[in-house]
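So the structure is just underneath, and the comments pick up after that.
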Amino acid sequence: MPDSAQIRVHPVTGTIMRQGVPAVLNPYDLFALEEALQIKDRLGGRIVALCMGPPQAEAALRKALSLGVDDAVLVSDRAFAGSDTLATSFALASAIRQVGQEQPVDLVFTGKQTIDGDTGQVGPGVAKRLGMQLLSYVCRIPILDMDSQSIVVHRWTERGGQVLQSKLPCLITVLEGTSEGRFASLPEMIRATRQPIRVWNRQAAGIEDLTKIGLKGSPTVVGKVFAPSRRAERAECIEWEQDQAGKAVSLLWEKIRARQPELVEKLSGTNGGENGQERVSE
Amino acid sequence: MNERFDAIVVGAGPAGTSAALTLARGGWKVLQIERGEYPGSKNVQGAILYADSLQKLIPNFREEAPLERHLVEQRLWVLDDRSYIGSTYRSPVSNDAEPDRYTILRAQFDKWFAKKAQEAGVLLICETTVLDLLREGERVVGVRTDREEGEVYADVVILADGVNSVLARKAGIRPELGAGEVALGVKEVLFYPQESLEDRFGIQGDEGVAIEMVGKITGGMVGTAFLYTNKESLAVGIGCLLSDFRREKVPPYVLLARLKEHPALRPLLRDGEMKEYTAHLIPEGGYKAIPKLSGDGWLIVGDAGMFVNSVHREGSNLAMETGRIAAETVIELKQAGEPFTERNLHRYRQRLDQSFVMKDLRKYQHVHEVLDQNRHFLTTYPELVNRAAETLLRVDGVDKRSKEKEVVRSFRKHRSYRGLFSDAVKLWRAFR
Amino acid sequence: MSEVEEKLYQNRYRLDAGHPHIRIRDPEVCQARCTEKSCAACCPAGCYTLGPEGDITLLTDGCLECGTCRIICSEFRNVDWEYPRGGFGILFKFG
Amino acid sequence: MSESGGKPAERKGAARRKAALDPRLAEYRGVWVFVERDEQGVHPVSWELLGAARELADQLGTEVGAVVAGGAEESLESHCRDAVAYGADRVYQTVHPVLAGYRNEPYAKLLCELVKKHKPEILLLGATSLGRDLASSVATTLETGLTADCTELAIDRESRALAATRPTFGGNLLCTILTLNYRPQMATVRPRVLPQPKKDHGRSGQIQKEEIDLSEEEMVTKLLEFLPHAGGDRLDLSLAEVIVAGGKGLQRAANFSLLEELARALGGEVGATRAAVQAGWVDAQRQIGQTGKTVRPKLYIAAGISGAIQHRVGMESSDLIVAINTDPNAPIFEVAHYGIVGDALILLPLLTRTVRGQAVAAKTIGLEVYSSS
């Protein structure tokens, strides 16, 4: 996918400027990849990297190969153009089924979301289509037992962590920042460069129903794309006299409170105020 | 790692890729190592590509290379603070002719060029920095990279690692660059809707314009500025000798900002969206700065060997030429069953001496000294010629003869007749 | 300073956090002995800033990897200059 | 994966906009909100959604439905009543022991069944970890369109479809997305972008019990435990609700303790500019900006930060930004909501003291925060 941080809208014409924007491996997927690699380090097994995209996406797959992935498949077909998340999940699920015909798939890892769409919908959609258990926003995998096909994960939520026990096969979307990425060795780089990447078109990915992919298979329609308008006003500055700093700060805090009442509620709870010391990890 | 290669090429710019491509076509097993995310991601140029050297390697490059525009118009401007006097050469090349110069975006061009080498069989590894040359005694036998198990061996190593050539410096092959031997260039790429850009420069289709500028904009420093048209963007930049930047203590981006604000450029640049700001050193030392070019098991090509013709602003073509010639030299030696000793590899230098590369560099070897010692070329003359033009062209009731006299007086006020004469001789000698 | 920062913002970088590829060998030399402090004026990315007490601060995040600082520090050779780790640092989109 | 960029705007919308709604789909009526709740209460985003649903339903001339589900009846009752007070006309209440604690499988099943039975035309969820998890599964099962992480909802006049606006390409662009020939039209909306509606206890609405056939034995995934701190001891600034960040204006490493104290008092984390990180004052993982982390906390306090664009892009979408800086012309004041021109070294400790005093006071008098808005 394109490196979204580099895309801008032209200020005059309003068109999207993506010239020279390189295709990069989705950084969120790097965390998913690292999680999969760690499992391979511990328990062995085979990892297949699967990517749907234009031919340039090959570079991302090659990077995955260099980091220790065994096989790489690029699902690429003009018929996919215009796919939204529903159509994309259909195509990916179908391709994963094809991979599964070569060898059973126990675990599917995806990033939390992509960086161009930021939707976070494709992974859960694929899980549903494959009838796999969905474990989203996973930040740790403390137990994975291949013999009993059982897995325990910590799932992040805004209010704390869920510890979930489930059965393989399952699809895991990995939270960012779960691990440091690795730096491939030179022999691995050379191996990855030489290894052929399999390119699957629609048929090879096992897709027969054309109404499920591309524009036809996409319920959502993009109406209009535009640049966000910049906030025009400057900060409301609190005026204060030399010896009135305390007063100014109190006034500021009043304003913060009015805008973010939940924060104050939290402070009055158990983990706020003086008791919240353990939260700051240095 | 255990695997051996016939050759290792360090760097995937035009020099390294030309060498790697030539070797691979000769049936060699080549490992090319690039530190950027992709070839071109660390490379900067104005950029004008001269077709000749590339054409020798890829005759049909015009059909597939990511070229921006072919130049139909070249302007040379001598800038005063507000005005400029200049020349324009325009020659619309017909569609079936083969243009000899194009504007390119290096990040895209280098990626394509490297792909050609890969198709020829070169094994290209990116995102890998070469830290050191590996030696056995005096002989270079391989390189050490920043990856684990990162030592790799080959019969010959070609250094194409650019102007800073960390390798050549560490290995003592080349001394540290002097501030007087390199120019620092800074550049911005500004984007426009294609039609608006074509309207501004009176061009259509793939036609392009290049403007080279000298004069007071460099504030007395030895340097030039440029403006090139790409397909949907303009490259605008300025470069001066690093020693001059050090003396004048002008931040390079300030100089560039001044250039962009010059009344001659501002209207051409307005409403552009700046998408990239780059800086790069350009070897300007010329013929005298060229280091030892080969030794036991190694050769040096492109910017790393200081191959830039600063007068004609040629570099990437010299890079391609030196890369190709280096590769041809080692291929010949191998075919003859001769080892890659310092003595045998000296044939590289001999072949270069016979090529346009060395002939041109020798020709202009005194230019920089002359400019360096005669700063008035860069400050006084631009002002004088601009003022002269203004005087002569203004219709204000003064008769033409008086105007001519005034012009001569103004020149004489700044330079004596003798000075004017010797300036002319110096320049003629330097560029001869 | 903010002028060059706005420019650098348009560039693409991959930061190797915690591994700056350029270091000042001895900050004391910059502060006490170097009178020129050319790095602060000439670095095209404004990576070097001159502090109120003549001290030099180096922030390599915006580095364009040109080599200027290394070459102009010819009097004291006080700059340790390496390329960033493979794949890190500035990544030109157009070059 | 979306291919929505790269092509000129308005590219595919126009062609399909005219298509008349399939009569089969016309029977879908009503705007629904899935109410996200647990033992700690209802996530505020659900009330924000009810406010938006009310407006959409009024425009469409239809009613607002709320789905409230859980494991035990007693705690659900008040949430159902609140849903009415916030704008629901009808609440679909489901109680089943399997629904105690959120899990994808039973909740997805419940929501799909309710949709199939009652056919709402619009279904809204919060763009939270729960809402995104559930919405994707439901949309895939129902094979309908889902627009994630919206910041604005409206009705497209021409098609009467939901026009959902969301940021894309890392927030560099916004796009409006329509779901034309599929129902329901689903969207998740980010918390705190929509205003919280007024709570009206006088409103009347119907609370309607819905049965579901679930059995714990059939559930593959079991909820073993709930941990109060999800990430454990892992530092993750992008998840922090409060960030107190400092820059070169703090002058030396030791002064970062002032930030730490305030962060502690607010239950937040310390962030820094790249200058402060490179000066070695703070760890690199706390760097915010172009080459560091992008954060979006509820409260961002910038102390001694001038606000170079490299830093601003990493924090400018924070909900509430407060800047403390000696230079009144510092660009940070252009992105901040509130500012104080002054020395952070003096003001930070005062703010810490104020916050601590507040926390203590709130505990003693039992401040009811939600009621005051």
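What you see below is based on every heavy atom in this structure, not just the backbone, and it leaves out hydrogens, waters and symmetry mates. Proteins come first, then strands; the chains are lettered A, B, ... in the order of their sequence lines, and each starts at number 1.
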Need one label for [X]: side chain, backbone, both or neither, based on atoms under 4.5 Å from any heavy atom in chain A.
| X | answer |
| --- | --- |
| D/Val220 | both |
| D/Ala323 | neither |
| D/Ala164 | neither |
| D/Pro191 | neither |
| D/Glu225 | both |
| D/Val138 | neither |
| D/Thr151 | neither |
| D/Leu130 | backbone |

Test item: side-chain donor near acceptor, A/Thr85 and A/Gln121, under 3.5 Å: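 Indeed, the side chains of A/Thr85 and A/Gln121 share at least one donor-acceptor pair under 3.5 Å.
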
Modelled atom types, side-chain donor and acceptor of A/Thr88 and A/Ser83, under 3.5 Å: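 Short answer, no.
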
Any side-chain heavy-atom pair of D/Glu105 and A/Leu134 under 4.5 Å: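 No, too far: nothing below the 4.5 Å cut-off.
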
4.5 Å side-chain heavy-atom contact, D/Arg132 and D/Asp149: yes

Derivation and outcome, side chain to side chain donor-acceptor pair (under 3.5 Å), residues D/Thr179 and A/Thr220: CA-CA 4 Å; D/Thr179 298; A/Thr220 59; 5.7 Å; no

Salt-bridge present (A/Lys212, D/Glu143; N to O < 4.0 Å):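 Salt bridge present between A/Lys212 and D/Glu143.
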
Electrostatic pair A/Arg155-D/Asp133, nearest N-O below 4.0 angstrom: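 Between D/Asp133 and A/Arg155 there is a salt bridge, with a charged N closer than 4.0 Å to a carboxylate O.
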
Pairs of heavy atoms under 4.5 Å with chain D: top-ranked of A/Pro124, A/Gly123, A/Cys237: A/Cys237

For each of [options], tally heavy-atom pairs with chain A at distances under 4.5 Å, and name the one with the top tally.
| options | result |
| --- | --- |
| D/Asn104, D/Thr165, D/Ile340, D/Thr141 | D/Ile340 |
| D/Thr188, D/Ile177, D/Leu134, D/Ile332 | D/Ile177 |
| D/Val242, D/Thr147, D/Thr144, D/Leu146 | D/Leu146 |
| D/Val341, D/Val322, D/Leu320 | D/Leu320 |
| D/Arg103, D/His43, D/Lys222, D/Met219 | D/Lys222 |

Chain D contact via A/Ile238 - which portion, at a heavy-atom distance below 4.5 Å: both

Part of A/Ile151 within contact of chain D (heavy atom distance under 4.5 Å):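 Neither part; nothing is under 4.5 Å.
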
Donor-acceptor contact below 3.5 Å, side chain A/Thr211 vs main chain A/Lys216: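 The answer is no, because no donor-acceptor pair under 3.5 Å joins these two groups.
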
Atom pairs and distances, donor-acceptor, side-chain atoms in residues 163-171 of chain A, under 3.5 Å, two or more places apart:
from     : atom 1 : to       : atom 2 : distance (Å)
A/Ser166 : OG     : D/Thr221 : OG1    : 2.7
A/Lys167 : NZ     : A/Ser148 : O      : 3.4

D/Asp319 and D/Leu299: CA distance, side-chain angles, deciding distance, side chain to side chain contact (heavy atoms under 4.5 Å, CB included) verdict: CA-CA 6 Å; D/Asp319 289 3; D/Leu299 173 62; over 6 Å; no

